[in-house]
There are 2 protein chains.
Amino acid sequence: MEITRETDYAIRCVLYLCEKREEITMIDEIAREMEVPRSFLAKILQKLARASLVKSFRGVKGGFQLARPPARISLLDVVEAIEGEVAMNLCALDQALCGRSKYCPVHPAWVDIRKDFRKVLGKYNFEKLKKTGERQKAKG
Amino acid sequence: MEITRETDYAIRCVLYLCEKREEITMIDEIAREMEVPRSFLAKILQKLARASLVKSFRGVKGGFQLARPPARISLLDVVEAIEGEVAMNLCALDQALCGRSKYCPVHPAWVDIRKDFRKVLGKYNFEKLKKTGERQKAKG
DNA sequence: TTAAACAGGATAAAATCAGTCTTAATTAAA
DNA sequence: TTTAATTAAGACTGATTTTATCCTGTTTAA
Ligand code: SF4
Ligand code: SF4
């Protein structure tokens with residue numbers, strides 16, 4: 001049911017790149033600031049890059065940069081970039097994965113639930129998260 | 001992100017006991033009909049019993065029976081009976097589990113998301129699932 | 001040319017998943 | 001009162017996934 005730590009790291013990473021919108025940021029800096037193991041983060045950034053959420057630059061002065069504005073990156077985007085398609089039950093993605101699906105009364109429920117979950121996760125974009133964070137900071 | 005196979009088995013099991021509302025049903029029968037490994041199912045039924053979703057009867061003529069009407073058992077109940085509290089991120093259950101939670105802009109989002117997810121899963125009770133199943137059967 | 005950076009693959013320890021097995025404890029019925 | 005049928009509980013196990021690390025190669029600014 002839970003997202004993996006890898007996904008949590010990925011979200012922290014996108015969060016950091018949101019702050020540094022204009023700059024190209026090195027793995028080392030992100031890893032240090034966001035408390036993510038450096039070599040693990042390198043892998044994570046590769047996945048984010050393949051999903052076109054970040055752009056990578058190689059060579060000296062290389063690093064990473066957000067590929068789109070924070071408002072156009074949602075938690076759903078990041079979760080699916082790392083973990084693949086979101087679903088509580090695999091049969092919601094492909095009914096052929098379970099031989100019982102044709103007559104299983106729960107199967108249609110998982111399909112619906114998947115839609116709802118994706119909708120909820122899609123609502124949270126990083127622009128919004130930043131604002132929530134600021135309100136939180138203001139409070140305490 | 002996914003429920004475990006154990007949870008899917010548990011749901012099948014509750015589904016079967018819904019059909020046999022009046023009777024006391026043996027592990028062997030449920031295991032056979034729902035295609036769940038018998039010895040694994042025995043463990044699963046213990047968890048369901050501890051969560052008061054089913055009643056168990058020992059000895060000759062023993063077996064299991066639903067503890068409440070299908071309308072009062074939801075997918076959320078079964079999922080939580082098997083996997084414990086539902087949450088996409090553990091920090092939504094206990095902010096002390098992550099040292100960053102006090103200033104993390106994503107933390108409040110996970111708390112909200114958890115509420116939404118529980119609400120969605122709570123909507124599906126087994127009375128409703130049975131009806132969906134019948135509609136499905138009628139169609140194809 | 002060189003040093004700084006990312007890319008990609010191989011490897012591995014630890015944790016979790018998906019079970020099995022064995023030994024009780026309970027109970028209806030012979 | 002004995003027996004056979006049934007669940008309860010916990011130890012154990014192999015496979016898979018998670019959570020990384022390390023090494024070699026490629027790219028690029030200076
Ligand atoms: S919900 Fe039904 S169809 Fe989906 S995996 Fe479980 S048994 Fe199969
Ligand atoms: S970093 Fe934020 S979202 Fe991730 S676990 Fe910690 S508090 Fe929760």
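So you know, we letter chains A, B, ... as the sequences are listed, proteins then strands, and number each from 1.
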Any residue meeting salt bridge (charged side-chain N to carboxylate O under 4.0 Å, His left out) with E35(A), in chain and number order, not counting sequence neighbours: R100(B)
Would a hydrophobic clustering, with Ile, Leu, Val, Met, Phe, Trp and Tyr connected at side-chain separations under 4.5 Å, put I44(B) with L76(B)?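 Yes, one cluster joins them.
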Quick check: is V111(A) connected to I11(B) through a chain of hydrophobic side chains (ILVMFWY, heavy atoms under 4.5 Å apart)? no
Residues that F117(B) engages under ring-ring contact (aromatic ring centres under 6.0 Å, His included), provided they are two or more places apart: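 So F117(B) forms a ring-ring contact (aromatic ring centres under 6.0 Å, His included) with F117(A).
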Who passes ring-ring contact (aromatic ring centres under 6.0 Å, His included) against Y16(B), sequence neighbours left out?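 Y16(B) satisfies ring-ring contact (aromatic ring centres under 6.0 Å, His included) with no residue once adjacent residues are dropped.
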Would you call K20(B) and E29(B) a salt bridge, taking side-chain N to carboxylate O under 4.0 Å as the test?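 E29(B) and K20(B): salt-bridged.
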Going by the side chain to side chain donor-acceptor pair (under 3.5 Å) test, which pairs reach into residues 36-45 of chain A, not counting sequence neighbours?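 Qualifying pairs, neighbours excluded: D28(A)-R38(A).
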Just grab all the side chain to side chain donor-acceptor pair (under 3.5 Å) pairs involving residues 77-97 of chain B, residues at least two apart or on different chains. D8(A)-N89(B), T4(B)-E83(B), T7(B)-E83(B), R68(B)-D77(B), S74(B)-D77(B), E80(B)-R118(B), E85(B)-R114(B), Q95(B)-S101(B)
Rounded interatomic separation in angstrom, taking CE from M1(B) and C1' from dT18(D):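 Going from M1(B) (CE) to dT18(D) (C1'), I get 17 Å.
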Take the protein atom CD of E2(B) and the nucleotide atom P of dT17(D), then report the distance between them rounded to whole Å.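 Going from E2(B) (CD) to dT17(D) (P), I get 10 Å.
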Worked check of salt bridge (Lys or Arg N to Asp or Glu O under 4.0 Å) between K47(B) and E6(B): CA-CA 11 Å; K47(B) 286 195 192 177; E6(B) 186 183 14; 3.1 Å; yes
All heavy atoms of L90(A) vs all of L97(A), minimum pair found to be O-CD1, 3.7 Å
Of all pairs that satisfy ring-ring contact (aromatic ring centres under 6.0 Å, His included), the ones with a partner from residues 21-50 of chain B, not counting sequence neighbours: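 Found Y9(B)-F40(B).
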Could you please name the option among dA8(D), dC6(C), dG8(C) that lies closest to any side-chain atom of R50(A)? dG8(C)
Residues of residues 4-31 of chain B with any non-hydrogen atom less than 4.0 angstrom from an atom of DNA chain D: list those, numerically ordered, please.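 Close to the strand are M26(B), I27(B).
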May I have the list of side-chain donor-acceptor pairs in residues 51-63 of chain B shorter than 3.5 Å, sequence neighbours left out?
none

Mind checking who shares a hydrophobic cluster with M26(B), ILVMFWY linked at side-chain heavy-atom distances under 4.5 Å? none
Find every protein N or O atom lying less than 3.5 Å from an N or O atom of nucleotides 27-30 of chain D, and list the pairs.
residue : atom : partner : partner atom : Å
dT27(D) : O2   : G59(A)  : N            : 3.3

Residues within residues 81-97 of chain A bordering DNA chain C, heavy-atom distance below 4.0 Å: none
Mind listing the residues from residues 34-48 of chain B sitting with a heavy atom below 4.0 Å of DNA chain C? Number order is fine. P37(B), S39(B), F40(B), K43(B)
